[in-house]
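Presented below is the structure to which this report refers.
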2 protein chains.
Amino acid sequence: MSKSQLTLTPVETVACCSPLVREPLAADRAESVAPLLKALADPVRLRLVSIVAASEGGEACVCDLNDAFDLSQPTISHHLKVLHEAGLLDRSKRGVWVYYAVRREVLADLAALIGGGA
Amino acid sequence: MSKSQLTLTPVETVACCSPLVREPLAADRAESVAPLLKALADPVRLRLVSIVAASEGGEACVCDLNDAFDLSQPTISHHLKVLHEAGLLDRSKRGVWVYYAVRREVLADLAALIGGGA
DNA sequence: GATCAATATTGACAGATGTCGATGTGTGGG
DNA sequence: CCCACACATCGACATCTGTCAATATTGATC
């Protein structure tokens, strides 16, 4: 259907809007962007993204991430899943380890959206 | 106490951190920034902020905002309260009407935080 | 292939969140 | 003074979310 062809993922949508402060955000755009912000809007996930982004090579192993928090391994795994499914983190498995990397364009687009032209 | 003097509000905190992607965000900073993102991370509130920001004079009356949504007046009032308490919207009463205005610096700081140097 | 280590998935549960209808509060006009 | 209007607060409800313990899955190693 052409409908589904026109339907953009949240990650695609965020790159295609004029900034929040320029013109009213359309309802469907808002629905697409909100999940990205929702994924970021948690202290643990913010830190996860930050740790991953600041890591050498721009990626980090789950084992290292687990150690950075006083939370159970399933909880960290859950947060990483949320970030991955939102499109903020890439996931790659190497041997027994799983590495996550930040999709910087997505962060940049998000920033452009909320930051406006300023 | 010096402790409480060092404790910043979310709005203050967001302006004082190096970008997410530069160095790992400290836990307490993450706790401060997350509420701001949480406030934004809702389709209705995203649109509210956008509509207010794009309005003439940078402010909008609640009555106009109500008309822009298919939601009850208390619901819109609730969302505006969330945005106001997070520090994203300023509130000023003029006669019977209440006007909200976007605090652009906060948005800009948020954008700088998540957008990194890029 | 038995075993171990690294992640993911499941199920459960307390607490937060979005929404509404009903009601409260304050302001201006008649 | 009372009413109409703009907005906020309250109480209730269903849903979503963060967390954990337990269990499953997958890959390396002996």
Side-chain angles (χ1 to χ4, degrees), chain A residues 10 25 27-28 30-52 55 59-86 88-101, chain B residues 10 25 27-28 30-52 55 59-86 88-101:
Chain A
L25 193 63
D28 52 339
E31 297 279 353
S32 286
V33 175
L36 281 177
L37 287 168
K38 220 161 218 168
L40 263 188
D42 176 277
V44 174
R45 293 198 287 268
L46 263 182
R47 290 180 62 201
L48 280 170
V49 167
S50 182
I51 293 174
V52 169
S55 296
E59 59 178 12
C61 170
V62 175
C63 52
D64 296 329
L65 298 174
N66 277 326
D67 295 344
F69 295 84
D70 265 348
L71 294 170
S72 69
Q73 175 263 320
T75 297
I76 299 299
S77 187
H78 162 70
H79 285 304
L80 289 170
K81 184 181 185 181
V82 170
L83 289 167
H84 175 58
E85 290 183 338
L88 287 165
L89 293 187
D90 275 334
R91 189 176 176 279
S92 71
K93 195 166 187 176
R94 252 172 276 155
V96 187
W97 293 276
V98 173
Y99 291 81
Y100 284 92
Chain B
L25 193 63
D28 52 339
E31 297 279 353
S32 285
V33 175
L36 281 178
L37 287 167
K38 219 159 219 170
L40 264 188
D42 176 276
V44 174
R45 292 198 288 268
L46 264 182
R47 290 180 63 202
L48 281 171
V49 167
S50 182
I51 292 174
V52 170
S55 296
E59 60 177 11
C61 171
V62 176
C63 53
D64 295 329
L65 298 174
N66 277 326
D67 294 344
F69 296 84
D70 264 349
L71 294 169
S72 70
Q73 174 264 318
T75 297
I76 298 299
S77 187
H78 162 69
H79 285 304
L80 289 169
K81 184 182 187 181
V82 170
L83 288 167
H84 175 58
E85 289 183 340
L88 287 164
L89 292 187
D90 276 334
R91 189 177 176 281
S92 72
K93 193 166 184 174
R94 252 173 277 155
V96 188
W97 294 275
V98 173
Y99 292 81
Y100 284 92

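The sequence lines fix the lettering, A, B, ..., with proteins before strands; numbering per chain opens at 1.
- Judged as a side chain to side chain contact (heavy atoms under 4.5 Å, CB included), and not counting sequence neighbours, the contacts of S55(B) are I51(B), A60(B).
- Rounding to whole angstrom units, NZ of residue K81(B) and C1' of dT17(C) are separated by 14 Å.
- Applying the salt bridge (Lys or Arg N to Asp or Glu O under 4.0 Å) test to pairs two or more places apart or on separate chains, none has a residue in residues 62-81 of chain A.
- Shown for residues 41-51 of chain A: no residue has heavy atoms falling under 4.0 angstrom of DNA chain C.
- Residue contacts for Y100(A): at a heavy-atom cut-off of 4.0 Å it reaches the sugar-phosphate backbone alone, with no base atom in range.
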With a 3.5 Å cut-off and sequence neighbours excluded, list the donor-acceptor pairs that the side chains of residues 34-46 of chain A form with protein atoms.
residue : atom : partner : partner atom : Å
D42(A)  : OD1  : V44(A)  : N            : 2.9
D42(A)  : OD1  : R45(A)  : N            : 3.2
R45(A)  : NE   : A39(A)  : O            : 2.6
R45(A)  : NH1  : H79(A)  : ND1          : 3.0
R45(A)  : NH2  : K38(A)  : O            : 3.3

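- DNA chain D is contacted by S72(A), P74(A), T75(A), H78(A), H79(A) of residues 72-79 of chain A, taking any non-hydrogen atom closer than 4.0 Å.
- Sorted by first and then second residue, the pairs that involve residues 90-100 of chain B and meet salt bridge (Lys or Arg N to Asp or Glu O under 4.0 Å), not counting sequence neighbours, are E59(B)-R94(B).
- Pairing each heavy atom of L80(B) with each of Y100(B), the nearest pair is CD1-CE1, 3.6 Å.
- Nearest heavy-atom pair across A30(B) and R47(A) is CB-CG, 3.5 Å.
- Here R91(A) lies in heavy-atom contact (under 4.0 Å) with sugar-phosphate atoms only.
- Atom CG of residue L48(A) and atom CG of residue N66(A) lie 9.0 Å apart, to the nearest 0.5 angstrom.
- Atom CH2 in W97(B) sits about 12 Å away from atom C1' in dG29(C), given to the nearest Å.
- The CD atom of E31(B) sits 10.0 Å away from the CG atom of L25(B) when rounded to the nearest 0.5 Å.
- The structure places CG of L88(B) at 6.0 Å from CG of L83(B), a figure rounded to the nearest 0.5 Å.
- Within the 4.0 angstrom heavy-atom criterion, no nucleotide atom of any strand lies near Y99(B).
- Counting 5' to 3', DNA chain D first comes under 4.0 angstrom of a heavy atom of chain B and last does so at the ends given by dA6(D) to dT9(D).
- Across all strands shown, L80(A) has no heavy atoms under 4.0 Å from either base or sugar-phosphate atoms.
- Interatomic distance, OH of Y99(A) versus CG of L89(A), reported as 15.5 Å (0.5 Å rounding).
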